[in-house]
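Note that these values count all heavy atoms, side chains included, but never hydrogens, waters or copies made by symmetry.
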Amino acid sequence: MPTVYLETFGCQMNELDSQLVSSRLRTLGYTFTPQADSADVVLYNTCSVREHAEQKVWSRLGELALRKARQPGLVVGVLGCMAEREGEGLIRRMPVVDVMAGPAELDRLPELLDNALKTRRALLAESATQHLLMTPEGIRPDLTLLRSAGQVALHGDTGRRSSTLAAAADQLELLDLSRSTSPDEHSGSAYVRITRGCNKFCTYCVVPFTRGAEVHRPPEHIIDECKRLADAGVIEITLLGQTVNHYRFEHDAATIVDGVVQPQKGRAYVHRRGVHEDPYKREKGERVTTFADLLYRIHEEVPSVRRLRFVTSYPRSFGDDVLQVIRDCPRICRYLHVPAQSGSDRMLRAMNRGYSVGEYLEFIDRARQHLHQPEIGRPLTIAGDIIVGFPGETEEDFLATADLLRRVRYKNCFIFKYSPRPGTVAHERLTDDVPDPVKRRRNYELLTLQAQISDEVSREYIGSELDVFVQSLSKRQSRRQRQTGALAATEHRSLIRLTVSAAGTHARPGDQSPHDDQGCCATHEKIEHTGPSEPEDHTLPVQMSARSDGDLIVFIDAPPGTPPDALIGSIVRVRVESASGLALHARPV
Ligand code: SAM
Ligand code: SF4
């Protein structure tokens, strides 16, 4: 069977999609490699949120075109948002691409790949040139021919799924339902999707176009998935959705197709003439599972999950009911990722965010009142996202955003330069009038400010005891072991499982940089191969990377005699000894 290299750009949602796709392909006999060079199939799961992430993929595809001249049997696939956004245009521009599948078509990938591999072999046996067309722009593949041969699988339904009927035909649900829970697929931690798509239409954002309308998965499916993962040894689950707190499943409106309860259309966000309506709360007498209900049920029904977290929260319609559930349930993490995007009301209106700075701050205060309890070792940490240089952003707007950062005191904040995305309202109707040097400066200034705040926040933990979830060898340790050729089997497994591009990686504590090459929400780091080999120093302790309940990164040394593999995926009590930059250094107690 062919060997596959799969690289993921962008957000946690993409990481989960990649995991689902790779576990499906694995069950069909495909094997995975962390080395693109030795693969028969190269797949890129792409992100379109910012232009930079797309540029990376274009340049990777350019490199593959050269390689395909030497290795004509190579099959190249583009998955995710770029496939959806670019459509056939992507293959016209990059004839090297054989397969495309948008986020709504991923369940079809095995079939598409199989066709592409067969056709590729057949083309090689005949003559590939028969399938090429001469055009004024040069030689292009004959799309009609290739499509009829099943070699080229174009993106899915770009129309937004707007009817219950369309949602009823939701094949993606089957992909989530059939996920593998094999211990090879996780290291004690897993993502579970609760909603797909988005209905918010922030004016800068492509997500509602690339991922379609918001649909909410049936609660039973979500809980079953959590149980299966827990049975397979997962102790940390992160629930995923673009606006998780808007989760809502109306049981009386559920549709069943072939015995399977179908995901349900999300409600539209209502914001009329300055009056915000909350369409997500439970009306009296309704049989509804709200986000608060869902969290509570997972906490109660899957007790072996010792950490339950969720991203991303939307600052509006975040009810006290959710805060109370978090407060009452000890295994739900006191961590909120709740993007503000700007500290200026004018900008928030232009972005169509549907809340004011005052309302955002009211939410932050309310969340802290309910959840910030450092005295019992349960502080609340808050992370955010900010966009600088949105059209029309003045120095005054920018300074208001800096004030917001000081006021909220995020643990960390992802700060992006505005990137105009074709098809969005901001791109079509607003002029991208903040010059790039100004965007860069604002980006840099906010990153610097946030680094100071994060540093202060980290230092508050010195001397305290925390339970941390051990995730992997630290980046430094991996590099050290790679240099000595002693990379642990576990690390190899996780590399094979998923390669997340550095370009699509969130700036993690300690590596916030003024460059706008961060993805939207990814958490993994690419492990780099640097420098010549050197003998391994067995006297040095093995450094592990862990995370606190509040998502703080914590470095610990494995106790002497404890194999690192035995620690990965477990929760360890530690005492924080120092904090440098955004990372904590701790010792097991
Ligand atoms: N749904 C989440 C929310 O609204 O809070 C965020 C999801 S979005 C994919 C991740 C982040 O990317 C956003 O919070 C925003 O800061 C950033 N982003 C989205 N579109 C962008 C654009 N066109 N330019 C720069 N940053 C953008
Ligand atoms: Fe994009 Fe806004 Fe939806 Fe988040 S809420 S995914 S920023 S449209």
Side-chain angles (χ1 to χ4, degrees), residues 49-50 198-209 214 241-246 267-280 311-319 336-368 382-410 412-421 424-434 438-439 442-443 445-447 449-450 453 516 520-521:
V49 169
R50 279 169 296 280
C198 184
N199 283 348
K200 300 297 172 286
F201 287 100
C202 302
T203 53
Y204 49 80
C205 185
V206 289
V207 171
F209 305 99
E214 189 173 293
Q242 294 299 347
T243 57
V244 277
N245 46 312
H246 293 175
R267 292 190 163 195
Y269 182 70
V270 189
H271 178 216
R272 270 189 222 117
R273 286 191 291 278
V275 180
H276 303 299
E277 293 175 20
D278 183 352
Y280 309 103
V311 286
T312 307
S313 299
Y314 199 75
R316 276 214 56 79
S317 312
F318 199 117
L336 295 174
H337 181 186
V338 56
Q341 313 298 3
S342 173
S344 149
D345 281 341
R346 219 171 59 81
M347 289 295 102
L348 290 176
R349 270 194 303 278
M351 291 174 170
N352 190 33
R353 289 290 288 180
Y355 52 84
S356 63
V357 177
E359 286 165 327
Y360 181 84
L361 290 173
E362 181 277 327
F363 168 64
I364 297 291
D365 287 345
R366 193 156 48 89
R368 286 212 164 107
I382 298 176
D385 293 357
I386 294 288
I387 297 176
V388 291
F390 188 74
E393 188 188 65
T394 61
E395 207 55 25
E396 202 183 327
D397 296 318
F398 167 69
L399 292 174
T401 303
D403 275 350
L404 182 85
L405 257 57
R406 287 189 200 95
R407 169 85 169 70
V408 178
R409 300 190 79 241
Y410 295 106
N412 68 315
C413 190
F414 302 99
I415 296 158
F416 305 110
K417 285 191 303 165
Y418 168 64
S419 168
R421 306 311 293 138
T424 59
V425 170
H427 181 270
E428 305 308 321
R429 302 211 194 132
L430 305 175
T431 310
D432 180 20
D433 55 1
V434 180
V438 176
K439 283 185 190 166
R442 291 180 184 170
N443 187 241
E445 286 182 16
L446 286 194
L447 283 165
L449 171 61
Q450 181 55 44
I453 296 168
D516 185 34
C520 38
C521 328

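- The structure places OG1 of Thr401 at 14.5 Å from CZ of Arg407, a figure rounded to the nearest 0.5 Å.
- Going from atom CZ of Arg316 over to atom CD of Glu359 covers 5.0 Å, rounded to the nearest 0.5 Å.
- When all heavy atoms of Ala400 and Gly343 are compared, the closest pair comes out as CB-O, 3.3 Å.
- No donor-acceptor distance shorter than 3.5 angstrom exists from the side chain of Asp385 to the backbone of Gln341, with no hydrogens or angles considered.
- Interatomic distance, Ile453 CD1 to Leu405 CG, rounded to the nearest 0.5 Å: 5.0 Å.
- Across all their heavy atoms, Glu214 and Asn199 have their closest contact at N-OD1, 3.0 Å.
- In this structure, the separation between CD on Glu445 and CG on Leu399 is 8.0 Å, given to the nearest 0.5 Å.
- Of all non-hydrogen atoms in His427 and Pro420, the two that sit nearest each other are CD2-CB, 3.8 Å.
- Between the side chain of Asn245 and the main chain of Gly319, no donor-acceptor pair closer than 3.5 Å is present.
- In this structure, Asp345 contributes its side chain and Val357 its backbone to a donor-acceptor pair below 3.5 Å.
- Side-chain atoms of Tyr418 never come within 3.5 Å of backbone atoms of Tyr204 as a donor-acceptor pair (strictly under, hydrogens ignored).
- Remark: side-chain polar atoms of Lys417 are not paired, donor with acceptor, to backbone N or O of Gly389 under 3.5 angstrom.
- Rounding to the nearest 0.5 angstrom, the gap separating the CZ atom in Arg50 from the CZ atom in Phe416 is 4.0 Å.
- Side-chain contact check for Tyr355 and Arg353: at least one donor-acceptor pair (N or O, by modelled atom type) lies under 3.5 Å.
- Side-chain N or O atoms of Ser419 include none that pairs as donor or acceptor with a backbone N or O of Val49 at under 3.5 Å.
- Side-chain atoms of Ser344 come within 3.5 Å of backbone N or O of Arg346 as a donor-acceptor pair.
- In terms of heavy-atom proximity, Pro339 sits nearest to Pro315 at O-CG, 3.3 Å.
- To the nearest 0.5 angstrom, Asn412 atom CG is 11.0 Å from Leu447 atom CG.
- The minimum heavy-atom distance between Asp433 and Pro391, with the atom names listed, is OD1-CA, 3.5 Å.
- Comment: Asp365 does not engage Arg368 in a salt bridge, judged by the lack of any side-chain N to carboxylate O separation of less than 4.0 angstrom.
- Heavy atoms from other residues, nucleotides or ligands lying under 6.0 Å from CD of Glu396 number 12 at most.
- A distance below 6.0 Å separates the ring centres of Phe201 and Phe209.
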*Residues Ile382, Ile364; criterion side chain to side chain contact (heavy atoms under 4.5 Å, CB included); working and verdict*: CA-CA 9 Å; Ile382 298 176; Ile364 297 291; 3.9 Å; yes
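- Between Asp397 and Arg442, none of the side-chain N atoms (NZ, or NE/NH1/NH2) sits under 4.0 Å from a carboxylate O, so this pair counts as no salt bridge.
- Across every non-hydrogen atom of Ile386 and Cys413, the tightest pair is CG1-SG, 3.6 Å.
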*Passes side chain to side chain contact (heavy atoms under 4.5 Å, CB included), Phe363 versus Leu336? Steps please.*
CA-CA 11 Å; Phe363 168 64; Leu336 295 174; 4.0 Å; yes
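- A donor-acceptor pair is defined here as one N or O able to donate and one able to accept, closer than 3.5 Å; such a pair exists between the side chain of Arg366 and the backbone of Phe318.
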*Step by step, work out the side chain to side chain contact (heavy atoms under 4.5 Å, CB included) result for Leu361 and Val408.*
CA-CA 8 Å; Leu361 290 173; Val408 178; 3.8 Å; yes
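- Within the 3.5 Å criterion, the main-chain N or O of Tyr410 finds a donor-acceptor partner in the side chain of Gln450.
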